[in-house]
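Residue numbering restarts at 1 for every chain, and letters A, B, ... go by the order of the sequence lines. Small disclaimer: the values here were computed from a predicted structure and weren't measured.
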Amino acid sequence: MNLFETFRERVVTIVNEIVAAGDLPEGLNLDRINLEPPRDTSHGDMTTNAAMVLAKPAGMKPRDVASKIAEKMKSLEALKNVDIAGPGFINFSLSNSFWHAQMADILDLGVRYGDSQMGKGAKINVEFVSANPTGPLHVAHARGAVTGDALSLLLRKAGYDVTTEYYINDAGSQVDTLARSTHLRYLEALGEDIGTIPEGLYPGDYLVPVGKALADRDGDKWKLADEAEWLTEFRTFAVAQMMDLVRDDLQSLGIKQDVFTSEKALVEAGTVDAVFKTLDEKGLIYTGELEPPKGKPVDDWESRPQTLFKATEFGDDTDRPLKKSDGSWTYFTNDIANHYDKYRRGFSQMIDIFGADHGGYVKRMKAATNAVSGGEASLEIKLCQMVHLMKGGEPMRMSKRSGNFVTLRELIDEVGKDVVRFIMLTRKSDTQMEFDLQKVLEQSRDNPVFYVQYAHARCHSVLRNALEALSVADIAALDLKDSDFARLEDPAELEIIRTMVNWPRMIEGAAQAQEPHRIAYYLNELATQFHGLWNKGKDNASLRFVLTDDKELTLARLALIQAVALVIASGLSVFGVDPLEELR
RNA sequence: GCGCCCGUAGCUCAGUCGGAUAGAGCACCAGAUUCCUAAUUUGGGGGCCACAGGUUCGAAUCCUGUCGGGCGCACCA
C-alpha cells in the first residue's frame, strides 16, 4: 500500500467517526473519496475531495462537510497546515520529519522500492508479438514487443503473478508457403539454378542457410520427391529455424517469454475439437450465410452456408465463421482454442497485445473468450498504433530497395536495445508516435533516454567523487542509511523526496491503467528535479553535495543521491532498460 | 456503409476511475555564463483542449451529434 492510500484510509476512518457521532447521515458511499498529490504543489502535500463527494448525498454544503473533516484531521500525526480551499478541497502538508523518515525506506528497499501487493498474486497472462514464424521480426513488431514486456514487468512489480506468452501460428497456409520457399533454397543449396523467387513465395535471404542446413543433413533425398512427401518435414524444420530467429531477435531486445504455445499442437491435441464441442453444446454454433463485406469489393466472394459462432450475443458486430470452405478450422477457431487453453491452465485474466491492423479482431476474440469460459475469463486487448520512423525530421521509407532497414535487428543495431525500449514506451501505446533515429542518439535535454540515464550516471559520478573526497573505499562504509536526514532542508531536496515517495503510487496507477508510459514521464520528472538541484549547486556552493567542512550534511545529501539513483534504477527496471553508471 | 483508435501551444506529446489558474520538451524572444561535480542555465510570450449540445457543485476527461485523421471490415493470418 502506498502512503496516499494510507492517508486515504485515515480520512475514511474520520468520516466514519463523524457518521457515528451523528454529524453526517449513514449509508454514504465512500468509494469516491480520493486522496492524491495536488497538481499545484502550493496547495500542500496531499489533497482530498472527500467533502465534495459527500456533500450532495449528505444534503450539506461542501465547505461545511470539509470543516468537520478538517477539524478532526488536525489531530492526525505528522499533519500540519490542514486547510479548506476552492470548492471544498481539504489540503494538508506533512512535517519535514515525516518526509525524512521515508528516506530510510527507500534506501532499505533499493530497487524493490515501489513493489506493491496490489495484484495479490493473481495470475495473469500476457501474450505479445506472436508474429508468424516465417522470418525475422520486422520493425513493426518492436512496439508490441516492448509494450508487452514492459507491461508484464510492471504488473509483476505491482504484485501480479504474470506469465508471458507467444502464440506460434504454425498451422496455417503461410507455413506451407514457408516450406515451399525453403524447398527452393534447398534445391539452390544442392547447386540448382533457382532463378528469381516466384511471386507468392518468401524471397528473403534468411532462408538460404535453412535450405543449406537441410541439404547438409539430408543430401538430395528430397530433390525429386513430390511435394506431398517433403512438405511436412520442411515445414517443421523451417518453423523451428524461424522460431530460433524470432527468439534471437526478442533476446536482442531483452525479451524472453515464459511460454510458447503452438497452434499446430493445439489442433493435434484435440483442443480445437473440444472448444467446438463446448460452444456447440451451449447452442452458440449454427449454419448460416453472411452478408458480403461492405468495404472494398472482394473478387472471389460467393455466398454459401457457413458454420458460424454467435459472436453477436457477446457484443460483436456480426457472427463469425469457424470453418473454411474446405472444412478445416479458421484461424479464429484455433485462436479460441488458444485462449481456452490459457483459461484451462488457470488464467482468468488475459491480456493480448495486438498491432493496430488487428483492431477488427478485438471484439470477436473477447466475445469468444467470454463464451468459451462461461464468462469466467476476461480478455483485455491493447492495440499498439503505428510508429513512424524518422531521421532528422524526415520520414523514413522502410523498404530494402531504398537501402533503409526493415528488420527489428537492424533497428536495434542502429540505436541500441535500451533506446528502442525506452522510446517505444514514452507514448501511450494506442496513439501513433514518431521515432526519430537521429534525435534519440543526441545527448541533449530533448532526448528523454539520455536525460534520464544521465541523471542516473550523474548520481553515481557524485558518489564516486565523494568516496575519493572522503577517502573511503566503499560506499557501504558510509552507512548512508543512518545519515541525519533532517539536514535535508532545502525546498528542492524535500521536493525530490516527495517525488520519490510518489513512486509506489505511480507503479500502482500505471499497473491499474496498464499504461507503462506513465513511468517514462515520472522518470523524466525525477531526473529534471535532480538535475535542477545539481545546477543550484553551481550558483550556490552551500548546496553542493560534497562539503568538506560539513560531513553530516554531506552524508545526508549522498543518501539522497543514492536514493535518487535507486528509484531511477527501479523505474528503468520496469522498462527493462539497464541503468548506466557512466556515460561515455 | 459499419466498427475500433485518435483530435490538447508552431512541432512532438503528457494530463492520475471528472477537480482548483490545462502542463513538459523542442522551437521562438530576452538575460546570466574562465563558478563547478559531467554534456550550460534563468525568465518570458504562446491555448476557443476540433466543433455543437447534454449530464454534474465542477468536463480536455463522461454521454449524443457533426467535422477531420489513422486502422480494419466472409473463407487469409
For residues A:Asp170 and A:Ser262, is any side-chain donor paired with an opposing acceptor at under 3.5 Å?
-> yes
Pairing of A:Arg320 and A:Asp316 as salt bridge, 4.0 angstrom limit = yes
Pair A:Asp490 + A:Lys536: basic N to acidic O under 4.0 Å | yes
Proximal nucleotide (of B:rU16, B:rG58, B:rG70) relative to the A:Gln432 side chain | B:rG70
For A:Asp176, report the nucleic acid contact type (base, sugar-phosphate, nothing); a contact means any heavy atom under 4.0 Å.
-> nothing
Which of these nucleotides, B:rG15, B:rU37, B:rA38, is closest to any side-chain atom of A:Lys428?
-> B:rG15
Touch class at under 4.0 angstrom, heavy-atom based, for A:Asn34 against every strand present | base
Assert: residue with more 5' nearest nucleotide on RNA chain B, out of A:Gly532 and A:Glu582, is A:Glu582
Select base, sugar-phosphate, or nothing to describe what A:Met433 touches, counting heavy atoms under 4.0 Å on all strands.
-> sugar-phosphate
Taking a pair as Watson-Crick (N1 to N3 plus N6-O4 or O6-N4) or G-U wobble (N1-O2 and O6-N3), both under 3.5 Å, which stems of 3 or more consecutive pairs involve RNA chain B?
-> B:1-7 with B:67-73, B:10-13 with B:23-26, B:28-32 with B:40-44, B:50-54 with B:62-66
Going by distance alone, is a donor N or O of one side chain under 3.5 Å from an acceptor N or O of the other, for A:Gln385 and A:Thr431?
-> no
Tabulate protein N/O versus nucleotide N/O from nucleotides 31-34 of chain B, keeping only pairs under 3.5 Å, one per line.
none

Given that A:Ser444 and A:Glu434 both sit by RNA chain B, which one's nearest nucleotide is further toward the 5' end?
-> A:Glu434
Expected string for nucleotides 72-77 of chain B under the B/S/- scheme (protein heavy atoms, under 4.0 Å, primed atoms plus P, OP1, OP2 as sugar-phosphate) is SBBBSB
Can a donor-acceptor pair be found between the side chains of A:Glu127 and A:Asn338 at a distance below 3.5 Å?
-> yes
Heavy atoms under 4.0 Å, any strand shown: does A:Asn535 hit a base, just sugar-phosphate, or nothing?
-> sugar-phosphate
Can A:Thr134 and A:Gln174 be counted as having a side-chain donor-acceptor contact under 3.5 angstrom?
-> no
How would you label the contact of A:Asp31 with the nucleic acid (heavy atoms, under 4.0 Å): base, sugar-phosphate, or nothing?
-> base
Residue A:Val53, side-chain heavy atoms: nucleotide from B:rG19, B:rC13, B:rU37 that is nearest = B:rG19
From the list B:rG3, B:rA20, B:rU16, which nucleotide is the closest neighbour of the side chain of A:Asp317?
-> B:rG3
Compute whether any side-chain donor of one residue and acceptor of the other, for A:Thr47 and A:Glu36, lie under 3.5 angstrom apart.
-> no
Kindly indicate whether a cation-pi arrangement holds for A:Arg505 with A:Phe4, taking the cut-offs as under 6.0 Å to the six-membered ring centre and within 45° of the axis.
-> yes
For A:Asp550, the salt bridge (Lys or Arg N to Asp or Glu O under 4.0 Å) test, sequence neighbours excluded, returns A:Arg487
Report which part of the nucleic acid A:Lys363 touches: base, sugar-phosphate, or nothing (heavy-atom distance under 4.0 Å, all strands).
-> sugar-phosphate
Could you check whether A:Thr318 gets within reach of a base, just the sugar-phosphate, or nothing at all, counting any heavy atom under 4.0 Å?
-> nothing
Pick base, sugar-phosphate or nothing for A:Val362, based on heavy-atom distances below 4.0 Å to the nucleic acid.
-> nothing
Any side-chain donor near an acceptor of the partner, A:His460 and A:Glu582, under 3.5 Å = no
Indicate yes or no: does A:Arg518 engage A:Glu515 in a salt bridge with an N to O separation below 4.0 Å.
-> yes
Which is true for A:Phe450 with a 4.0 Å heavy-atom rule: it touches a base, it touches only sugar-phosphate, or it touches nothing?
-> sugar-phosphate
Separation of A:Lys536 atom NZ from B:rC36 atom C1', in whole Å?
-> 16 Å
Pairing residues for A:Asp40 by the side chain to side chain donor-acceptor pair (under 3.5 Å) criterion, not counting sequence neighbours = A:Ser42
Is A:Arg464 touching bases, backbone alone, or none of the nucleic acid, heavy atoms closer than 4.0 Å?
-> base
What is the nucleic acid contact for A:Thr431, judged by heavy atoms within less than 4.0 Å: base, sugar-phosphate only, or nothing?
-> sugar-phosphate
Donor-acceptor pair under 3.5 Å, A:Asn465 side chain vs B:rA38 base = no
Going by ring centres under 5.5 Å and near-parallel planes (under 30°), is A:Phe89 stacked on B:rA20?
-> yes
Between B:rC17 and B:rU33 - C1' atom distance, rounded Å = 48 Å
Does A:Thr177 have any side chain to side chain donor-acceptor pair (under 3.5 Å) partners at least two apart in sequence or in another chain, and if so, which?
-> none
